[in-house]
Amino acid sequence: MKHLYNNILQNVAAGQKMLAVLIDPDKMRIESVSSYAKKVNASMATHIFVGGSTVAEYLCDKLVGELKKYTNLPIILFPGDVTQITNMADALLFLSLISGNNPDYLIGKHVQAVSKLQNSNLEIIPTGYILVENGKPTMVEKVTKTKPMSRDNLQLVEDTAVAAEYLGMKLVYLEAGSGASMPVSSEMIAAVKRRLSIPLIVGGGIRTKSQLVSAYEAGADMVVIGTALEQDESFFDILKPNTL
């Protein structure tokens, strides 16, 4: 696949909201993939994201290879490190952590990834990644040694998102963090969306139907759900097609 970004743009233009199920290779047993994929396929999910803050080397390759047996949904890497890159996937979010000031996660890791990507079939999608405080420390903070942006400083978050677009990034991802105690606020989603002409992804801390609906209504083009499904697969019941 080399058309995933164009498909995202088409969905945004048509007003079709997207949902990505995030699967952390460290938390998904290979023997559980077939049954889990069946639930994903039966849901409103449009994409599968694979990745995590800390993932043992080669686990992504094994997981994506197994997922490919059971789903036709596009699989997009959401990598926490270069070791999570696998050519088995369809695309890669080339994440730049623009909410922090650690050069490794602004450009350093990207340079390290070039040798793996230059002969890859992956569709590479430059993405501005903004970590927003959620009330408790996240693994992203620990791994990247950066601080999230304040929930109260909407102007700074907006300007950071727009800077990502000015830099040529194709997506902006507002992230409260895995297992967040609260999701990105509707106010922040709406404020950022108003300023962007590129698609907006929102993830972290979404655990209820109302939170999911609120994110969409505020302007999220794609919502990512991971922890809620890891902790309780019955959450798939509210993700059935045409239920929102």
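Remember, predicted model here, so these are calculated numbers, not experimental data.
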Full working for side chain to side chain contact (heavy atoms under 4.5 Å, CB included) between Ile85 and Leu122: CA-CA 9 Å; Ile85 296 174; Leu122 292 168; 4.0 Å; yes
Shared hydrophobic cluster, Met182 / Val192 (ILVMFWY, side-chain heavy atoms < 4.5 Å): no
Electrostatic pair Lys68:Asp90 at N-O distance under 4.0 angstrom: yes
Note, Glu141 side chain near Leu131 side chain (heavy atom, < 4.5 Å): yes
Heavy-atom pair of closest approach, residues Ala164 and Ile98: CB-CD1, 3.5 Å
Between CG on residue Leu229 and CZ on residue Phe236, distance to nearest 0.5 Å: 4.5 Å
Side chain Thr71, main chain Leu67, donor-acceptor under 3.5 Å: no
Lys116 atom NZ, neighbour heavy-atom count above 12 within 6.0 Å: yes
Thr127 side chain vs Ile125 backbone, donor-acceptor pair below 3.5 Å: yes
Smallest separation among heavy atoms of Gly80 and Gln84, with atom names: N-OE1, 3.1 Å
Side chain to side chain contact (heavy atoms under 4.5 Å, CB included) between Val50 and Ile76, worked out: CA-CA 6 Å; Val50 171; Ile76 301 178; over 6 Å; no
Closest contact, heavy atoms only, Met188 versus Arg151: CE-O, 3.7 Å
Side-chain donor or acceptor of Glu165 paired with backbone N/O of Ser197 under 3.5 Å: yes
Derivation of the side chain to side chain contact (heavy atoms under 4.5 Å, CB included) call for Ile124 and Leu117: CA-CA 8 Å; Ile124 300 170; Leu117 295 175; 4.0 Å; yes
Value rounded to 0.5 Å, distance of CG in Leu196 from CG in Asp221: 9.0 Å
Note: Arg195-Asp159 ion pair, threshold 4.0 Å (strictly below): yes
Main-chain N/O of Leu19 paired with Thr46 side-chain donor or acceptor, under 3.5 Å: yes
Residues, nucleotides or ligands: over 12 heavy atoms within 6.0 Å of Gln231 CD: yes
Leu22 side chain near Ile225 side chain, heavy-atom distance below 4.5 Å: no
Distance, nearest 0.5 Å, that separates CD1 of Ile206 from OG of Ser214: 9.0 Å
Within-4.5 Å side-chain heavy-atom neighbours: Phe78 and Leu95: yes
Nearest atoms (heavy-atom pairs only) where Leu77 meets Ala89: CG-CB, 3.6 Å
Min side-chain heavy-atom separation Lys17-Met222 under 4.5 Å: no
Gap separating the CG atom of Leu63 from the CG atom of Asp26, nearest 0.5 angstrom: 10.0 Å
Stepwise ring pair (Phe, Tyr, Trp, His ring centres under 6.0 Å) test for Tyr70 and Tyr36: CA-CA 9 Å; Tyr70 303 105; Tyr36 194 81; over 10 Å; no
For the student: nearest non-hydrogen atoms of Ser150 and Val157, plus distance: O-CG2, 4.0 Å
Minimum side-chain heavy-atom gap Tyr129-Tyr105 below 4.5 Å: no
Flag if over 12 foreign heavy atoms under 6.0 Å of CG, Asn41: yes
ILVMFWY network linking Val224 to Val12, side-chain heavy atoms under 4.5 angstrom: yes
Atom pair NZ/OG of Lys147 and Ser99 - distance to nearest 0.5 Å: 12.5 Å
4.5 Å side-chain heavy-atom contact, Val223 and Tyr216: yes
Least distance between heavy atoms, Asp104 atom then His110 atom: O-ND1, 4.5 Å
Side-chain heavy atoms of Ile201 within contact of Leu174, under 4.5 Å: no
Approximate separation, where rounding is to 0.5 Å, of Glu187 CD and Asp152 CG: 9.0 Å
Derivation and outcome, side chain to side chain contact (heavy atoms under 4.5 Å, CB included), residues Met18 and Ile8: CA-CA 8 Å; Met18 294 164 281; Ile8 290 172; 3.8 Å; yes
Within 45° cone and under 6.0 Å: Lys170 NZ/CZ vs Tyr5 ring: yes
Residue pair Lys39 / Glu233, side-chain heavy-atom distance below 4.5 Å: yes
Main-chain N/O of Ser120 paired with Asn87 side-chain donor or acceptor, under 3.5 Å: no
Identified side-chain contact (heavy atoms from CB on, under 4.5 Å) partner of Ser96 from the options Leu167, Leu106, Ile130, Ile107: Leu106
Stepwise side-chain hydrogen bond (donor to acceptor under 3.5 Å, both in side chains) test for Thr146 and Asn102: CA-CA 7 Å; Thr146 64; Asn102 185 337; over 6 Å; no
